[in-house]
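What follows is a set of notes on a single structure, which appears directly below.
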Protein chains: 4
Amino acid sequence: MSSQFVLTLSCDDRVGIVARVSSLLAGLDCNITDAQQFDDASNNRFFMRIVLEPAGHTLDEVRTAFAPIAGEYGMAWKMRDRDAPARVLIMVSKFDHCLVDLLYRKRIGELNMEVVAIVSNHPRAADHVPMDPAIPYHHLPVTRDTKPAQEAQLRQLIEETGAELVVLARYMQVLSDEMAAWLSGRCINIHHSFLPGFKGAKPYHQAYDRGVKMIGATSHYVTGDLDEGPIIAQDVMAITHRERAEDLVAKGRDVERRVLARAVKAHIEDRVWMNGSRTVVFDG
Amino acid sequence: MSSQFVLTLSCDDRVGIVARVSSLLAGLDCNITDAQQFDDASNNRFFMRIVLEPAGHTLDEVRTAFAPIAGEYGMAWKMRDRDAPARVLIMVSKFDHCLVDLLYRKRIGELNMEVVAIVSNHPRAADHVPMDPAIPYHHLPVTRDTKPAQEAQLRQLIEETGAELVVLARYMQVLSDEMAAWLSGRCINIHHSFLPGFKGAKPYHQAYDRGVKMIGATSHYVTGDLDEGPIIAQDVMAITHRERAEDLVAKGRDVERRVLARAVKAHIEDRVWMNGSRTVVFDG
Amino acid sequence: MSSQFVLTLSCDDRVGIVARVSSLLAGLDCNITDAQQFDDASNNRFFMRIVLEPAGHTLDEVRTAFAPIAGEYGMAWKMRDRDAPARVLIMVSKFDHCLVDLLYRKRIGELNMEVVAIVSNHPRAADHVPMDPAIPYHHLPVTRDTKPAQEAQLRQLIEETGAELVVLARYMQVLSDEMAAWLSGRCINIHHSFLPGFKGAKPYHQAYDRGVKMIGATSHYVTGDLDEGPIIAQDVMAITHRERAEDLVAKGRDVERRVLARAVKAHIEDRVWMNGSRTVVFDG
Amino acid sequence: MSSQFVLTLSCDDRVGIVARVSSLLAGLDCNITDAQQFDDASNNRFFMRIVLEPAGHTLDEVRTAFAPIAGEYGMAWKMRDRDAPARVLIMVSKFDHCLVDLLYRKRIGELNMEVVAIVSNHPRAADHVPMDPAIPYHHLPVTRDTKPAQEAQLRQLIEETGAELVVLARYMQVLSDEMAAWLSGRCINIHHSFLPGFKGAKPYHQAYDRGVKMIGATSHYVTGDLDEGPIIAQDVMAITHRERAEDLVAKGRDVERRVLARAVKAHIEDRVWMNGSRTVVFDG
């Protein structure tokens, strides 16, 4: 099968955007095989994702043809080859269930990504059987005092590897505000609670103490405001009075890895936008 | 707020459809506030739903302007005023939980419909407290012998009331093939099982006997092929070994009414198409 | 079918409780048809619910036989005829979807209760079609100044009707601390959010602003601490970026009525205990 | 923490069983920390699971004390140390998502089992990174002609390893009737559909063709009657018209591994009984 291009754009809403974009593509003889759009009436923002068949044109050719329209409408936009894997850097601490799950989904082709590095504040554990030895593992320990230096290392690594997305897969360290800002829109965290409930430390223990009947997990873009970033995906599962905090921790792993994988998949397939404190997420 | 029009269309996929349609609307100065589309690669069918602001044009004007494009592409299409309530006829037998629920959702504005008639093979029960006396109630009893005559009455009623949609809200009689064919694409049934499991009679008892751990309900378009019509919505709920067939019947009512309401809402908001043995259902 | 008795008890855990209770019942030739128990290791509390066939004994006889054991173990306990409907008083403001749903479930036998009164701070609406005229409707308006007097009326009504349970079915007034304390363990509220997220006013609007991907509802026992009472049931539903705050309000009604009905059913079937800030809820 | 014993039993229901069992344990000074029971009124069978603190007694001592009661009531029963890992043999073909998931859950302590062997009709794949090399991997290829011989090998392996449970983790070969009968009650399969819908081959493709709106997975005990064994766990997930059969295959993996893990966990924690064509599954 020949490749497809994905065009994503956002701009202020005006009459005629769809007509302009689709007419340009029709003029290039590019068939649109999928299109999703959303007009946010609350802030007049328009979001669109188009999958197109290039009809023999190169990516650069279509980009060049599109650029004038983007300029005219003041669009934030991107066009990429759908088959090109996203470059992803994964950060992890001791709990590796999300990491293992992401690597597995990559291996079987569910997540179209190249894992350019794994970074952890802990050394590689002896029992990390499932970790592909071909993926570079960087042990970057961190303390309160060394955080600036550690984050400088991390930043260098992100730049050197060309990572487009950083995934905090139960990385239990808080990024500095500077680092969070620098990674804005390209860093996804999994929080082990159904936000905004149970922010902060030990959310499952908080959930047990409060006596909720469902626990959940939340994946969100990282911002300087801890646990407040725009939410990409959430899910929950029912619990009963029989389950103690430790049981919730165990049970929650299933939700965490599922929710994180869903968010990562949406991001690397160019289906998510930040939209103020919210996100727009198109169907996969 | 001024009204909006909803344009729905389907046709064989070709390069340039979106450009043609959106350019026409832009030429009329009509802003597109929502658009959803789907290209079914398996049969090369294209489906689109557009919500537009008429910019002072009447419904007839926009229809007239659109008709040539529809002709050119061989579209099946419809355009209607979003605020105009759909005319709906509801059929019911003894169990009235779906009927009561639909009427309630209509009353609070969740379902934008006018219930033009209620038809039942049973007389109006004394305890039918929740039934709005302003809605005509037609008692059309039916036996094997009288079915042709009863269906003739029903058909006359549908024509006289101008019903656009017939909802079988736990109407426990099987329509004749002729009637089903005549109502194709405008008659929705709720089946009290998670189809294709447990077709036929007493599905909850079948489910109990088989020992499943979840029960469900299915709303689908009625076709001549019983329990085989294209599915619009489904949902399930967990059950345990403690629950007997009677408990499943009781529990299932919640799923049935929820699933039927979802299907009816999708239909009257012009968000569903039959697509062979499947349906296309756009988000609400 | 002959009747069954339900015995519910809680006490500090000790070796031999089950043996003592079950031996007593065996001595009376009462078969145990269902038993559920829970030992809370965190506070050493023991909870048990037994359904028994009385083998010809009256309720008073079995109660009398059981009382000495209850005294010995310091049990909080109750024994009642399973067929006797619970006496329930329902409070409501303008939104009546929960009220309508509870009344419907009562009518079809799903909730074994007698609704002794409906109390509202609003007059009976003209379009309250579904409300059974046989149920006394009390209009008790309330302002900040008249709250003490209104609550005195309410209290008198609860006492006169012998209401065992008060259900706040979207009653949008906050009970005074005194009233909440007086009703402790016999007053259930439905909160239109997935607690502890979005406490306070307009939770759906808060949810929209925060950009969550699921909304929910929570039914809980009322305590003096607003929105902090022990939770009985919760549920959620997925939402998308397409839905505005008003859509969440509409969609949330389905969750609210389902969650409230589940909590009320558990309570009137003697399957719930308050256990500090949590609840114990046995399967139905 | 000292160990606990788990007693599981089933027998015909009679007055006094709970009293006899609990009195015996009280006489041994064994505290009951958890008990669940179920009386199946449809066949008069009684099922019970008790977790007890042995109060210094050995497993053999409590077993010996209990045996007379078991004999008297004709009980099928078992008593084991809760900490002893179950011996499990896992069978797999090419798709290894369930295998990988089970091994991961074992590693982090969620499944208390020892994997005594992995058996596959395919050789160990080069990219089977996640497979613990310490677990014996047996390649037992099979054709129609060699099935009797292969099953003889398998049977020998099960006996030699002392496997208590055989898990068919997407093992795509049908066991012979003899093998299925021999493994009755100790062999769990995962079927990649929501049974009884879509029996047989390629269920996701069947599901796509039928146009269902949810797909699911079913774990069940293997019996001679293919896809008809008693169901232990089921779950579903929503799909849309956008997803093709291949997408359902990918999406279904999440449900399959979750449902299989749930069933395996219930079995090795002695919380499941076969009960005719159904199962009794107590809460974990």
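Note on naming: letters A, B, ... go to the chains in the order of the sequence lines (proteins, then strands), and numbering restarts at 1 for each one. Excluded from the calculations below are hydrogen atoms, water molecules and symmetry mates; all remaining heavy atoms, backbone and side chain alike, are included.
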**Message:** Report which part of C:Q206 has an atom under 4.5 Å of a heavy atom belonging to chain A: side chain, backbone, both, or neither.
**Reply:** neither

**Prompt:** To the nearest 0.5 Å, what is the distance between CD (A:Q234) and CD1 (C:I215)?
**Reply:** 11.5 Å

**Fill in**
dist C:H220:NE2 -> A:R210:CZ (nearest 0.5 Å) comes out at 7.5 Å

**Request:** Under 4.5 Å heavy-atom distance to chain C, tell me which part of A:T240 shows up: side chain, backbone, both or neither.
**Result:** neither

**Asked** Is it the backbone or the side chain of A:F282 that comes under 4.5 Å from a heavy atom of chain C, or both, or neither?
**Response** both

**Asked** Do you know which of A:D39, A:N275, A:L195, A:D209 has the most heavy-atom pairs under 4.5 Å to chain C?
**Response** A:D209

**Options A:V236, A:V212, A:D235, A:I232, ranked by heavy-atom pairs under 4.5 Å with chain C, top entry** = A:V212

**Request:** Please examine the side chains of C:H241 and A:D40, heavy atoms only from C-beta on, and report whether any two atoms are closer than 4.5 Å.
**Result:** no

**Asked** For C:F194, is it the side chain, the backbone, both, or neither that has a heavy atom closer than 4.5 Å to a heavy atom of chain A?
**Response** side chain

**Most chain A-contacting option - heavy-atom pairs closer than 4.5 Å, from C:R244, C:R242, C:E228** = C:E228

**Fill in**
In terms of heavy-atom pairs under 4.5 Å with chain C, the winner among A:G229, A:G197, A:G216 is A:G229

**Separation between CE of C:M214 and CE of A:M214, rounded to the nearest 0.5 Å** = 7.5 Å

